Amino acid sequence: MDLISIAKPPLFNFEECKWFLDRGYDDCMHQVLETSIRKLIPTPEGNCLIEVADGDEALEAVIITGPESPAAVTAVRQYLSSWFDMERDLNPLYDLTHQTKTSWLTDPYQGLRLVMIPDFFEAISWSVIGQQINLKFAFALKRRLVELCSTPHEYEGVEHYTFPSPASVAKLTVAELKERQYSQRKAEYLIGIAQQFEAGLLSHEQISGLPDTPQMIEALCAIRGIGEWSANYVLMKAFQRMDCITHGDTGLQAAVKRQLNLDRKPTREEIIEFLKPFKGWESYLVFYLWRTLSDKKT
DNA sequence: TTCCAGGCAGTAG
DNA sequence: CTACTGCATGGA
């Protein structure tokens, strides 16, 4: 079977990206092995279970099971490239942190890419699921939704899934999700959003067709269940917008609090001020700040 | 026990 | 406009 090679840009570190996907949570959307990652990726011709690993010059993936036609290979290649944000030149970001003497923010994780959630529906669903609750519980809720709606693809004793389609979530009842420990509200938000996708009222094209990030945030915030935090999160993870700040984010607040040595959580203005030197790279700053939280306190 | 997690909408003043 | 509240659950 053919190897799918994706050239690695400068400042790309597969190990750092893999670390992010293996933080100790039970994420049902991929499986992290010693030196590789397995994931079930949807293509126009069916799902491909792929295994991706690091190579000398390129990221190297193989299709373990599923179609290997040119169209499927193209879809896999595009997915992996988006997933690890591989087309972006990070040199300007690293230049910025060096110029502003904040290289301690980037250099310990050199080559870490903003790990994306390329599918819009998956990203917006995950943003709703993750609201307010701790991440462990959020991953448990996601798994319950996925196991309810998606068909498992078993390989070597592990169940692999693609994220449920809007159609399958739109058909659920609030009661089915409440049985799985979703709150009434979370269940309503999720099903409502799925129904909007189904009705053609919400799509990647519709949002990406808007002129700029502020208009996209406005459009997303008009959706019930989506506030400023979720809108920015989704634009960062599914639309690869680089100027997103997840205001209200407890993780971001904790990270900036630590970096500024405050004894309270920073205000919105203090966070804006902290990110001011990094105009156009706010999303990466947020992602790297989250990363710092997993390091021991200094 | 109480408080808070990668928030949000609903309500009251 | 701002302030306050409930939400589901688990870990600190």
Side-chain angles (χ1 to χ4, degrees), chain A residues 17 19-29 105 109 112 114-117 122-145 147-148 172-196 202 217-239 241 244-259 262-272 274-275 282-297:
Chain A
C17 297
W19 175 90
F20 174 79
L21 292 170
D22 192 26
R23 289 173 292 164
Y25 299 110
D26 176 34
D27 195 333
C28 56
M29 301 313 297
L105 250 174
Y109 326 107
L112 172 65
L114 209 170
V115 178
M116 302 290 178
I117 306 175
E122 179 178 345
I124 199 169
S125 299
W126 178 231
S127 80
V128 168
I129 291 169
Q131 288 168 8
Q132 168 58 19
I133 54 178
N134 64 68
L135 276 179
K136 181 175 177 169
F137 184 41
F139 278 103
L141 289 182
K142 179 167 77 167
R143 174 175 285 283
R144 289 170 198 162
L145 174 73
E147 289 181 348
L148 179 62
L172 296 178
T173 62
V174 169
E176 283 176 293
L177 290 176
K178 287 188 79 170
E179 285 167 21
R180 289 161 179 78
Q181 275 62 59
Y182 281 70
S183 65
Q184 173 80 28
R185 285 275 175 79
K186 237 184 241 302
E188 290 172 3
Y189 299 162
L190 259 187
I191 294 168
I193 287 167
Q195 289 172 345
Q196 289 198 51
L202 196 53
I217 290 174
E218 189 181 355
L220 290 170
C221 286
I223 302 163
R224 183 162 180 263
I226 303 302
E228 191 179 24
W229 181 87
S230 297
N232 279 285
Y233 183 86
V234 167
L235 289 175
M236 173 191 304
K237 299 283 265 192
F239 291 82
R241 303 295 302 182
C244 300
I245 304 175
T246 49
H247 284 295
D249 182 291
T250 51
L252 174 60
Q253 290 168 345
V256 172
K257 174 186 173 189
R258 193 193 290 187
Q259 303 306 340
L262 302 174
D263 57 1
R264 50 168 177 80
K265 76 177 185 187
T267 65
R268 181 193 183 93
E269 287 66 34
E270 284 168 328
I271 287 178
I272 290 173
F274 183 83
L275 294 175
E282 290 89 344
S283 302
Y284 259 89
L285 260 292
V286 169
F287 193 70
Y288 272 75
L289 283 165
W290 282 336
R291 177 65 183 84
T292 66
L293 289 175
S294 295
D295 285 344
K296 283 184 195 166
K297 294 178 186 175

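A, B, ... follow the sequence lines: proteins, then strands. Residue 1 opens every chain. These figures come from a predicted structure and were not determined experimentally.
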Please write out each protein N/O paired with an N/O of nucleotides 4-7 of chain C under 3.5 Å, distance rounded to 0.1 Å.
{"residue": "C/dG6", "atom": "N2", "partner": "A/Arg185", "partner atom": "NH1", "Å": "3.3"}

For nucleotides 10-12 of chain C, which of its nitrogen or oxygen atoms have a protein nitrogen or oxygen under 3.5 Å away, and what is each distance?
{"residue": "C/dG11", "atom": "OP1", "partner": "A/Lys136", "partner atom": "NZ", "Å": "3.4"}

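At the heavy-atom level, A/Ser230 lies under 4.0 Å from the strands shown only through sugar-phosphate atoms. Residue A/Leu141 is out of contact with every strand shown, counting any heavy-atom pair closer than 4.0 Å. A/Arg180 comes within 4.0 angstrom of nothing in the nucleic acid, heavy atoms only. Note on A/Thr250: only backbone sugar-phosphate atoms sit closer than 4.0 angstrom, heavy atoms only; bases stay farther off.
One atom, CG of A/Leu220, and another, P of B/dC8, lie 11 Å apart when rounded to the nearest Å. Taking atom CD1 on A/Ile129 and atom C1' on B/dC8, their separation rounds to 15 Å, with Å as the unit. Summarising the geometry, the separation between CD on A/Glu228 and C1' on B/dA9 is reported as 15 Å, rounded to the nearest angstrom. For A/Ile226 and B/dG10, the CD1 to C1' distance is 17 Å, given to the nearest whole Å. Protein atom CG of A/Leu177 is 13 Å distant from nucleotide atom P of C/dT9, rounded to whole Å. Put simply, CG on A/Leu252 is 17 Å from C1' on B/dC4, counting in whole angstrom units. In this structure, A/Lys178 atom NZ and C/dT9 atom C1' are separated by 14 Å, rounded to whole Å. At whole-Å resolution of the value, CD in A/Gln131 and P in B/dC4 are 19 Å apart.
Using a cut-off of 4.0 Å between Lys/Arg side-chain N and Asp/Glu carboxylate O, A/Lys136 and A/Asp26 are scored as not salt-bridged. Salt-bridge check for A/Lys265 with A/Glu270: failed, with every basic side-chain N at 4.0 Å or more from each acidic carboxylate O. A salt bridge between A/Glu176 and A/Arg144 is absent, with no side-chain N of the basic residue lying under 4.0 Å from a carboxylate O of the acidic one. Look at A/Arg291 and A/Asp295 and you find a salt bridge, because one of the NZ, NE, NH1 or NH2 atoms lies within 4.0 Å of a carboxylate O, short of that distance.
With a 4.5 Å cut-off on side-chain heavy atoms, A/Leu145 and A/Tyr182 count as touching. Inter-residue side-chain proximity for A/Trp19 and A/Leu112 is flagged as unmet; no heavy-atom pair is nearer than 4.5 Å. Looking at A/Leu21 and A/Met29, their side chains never come closer than 4.5 Å, going by heavy atoms from C-beta outward.
With hydrogens and angles ignored, the 3.5 Å screen pairs a side-chain donor or acceptor of A/Lys186 with a backbone N or O of A/Ile129.
When the P atom is compared between B/dC3 and C/dC4, the two are found 15 Å apart, to the nearest whole Å.
Between A/Phe139 and A/Tyr25, the ring planes are parallel. Angles under 30° get that label, and only those over 60° would be called perpendicular. Taking the six-membered ring where tryptophan is involved, the planes of A/Phe287 and A/Tyr284 are perpendicular, since the angle between them exceeds 60° and thus also 30°.
Sequence order on DNA chain B of the closest nucleotides to A/Gly225 and A/Asp249 puts A/Asp249 first from the 5' end.
Taking only side-chain nitrogens and oxygens, A/Ser127 never comes nearer than 4.0 Å to OP1 or OP2 of B/dG7. Distances shown here put a side-chain N or O of A/Arg224 below 4.0 Å from the OP1 or OP2 atom of B/dG10.
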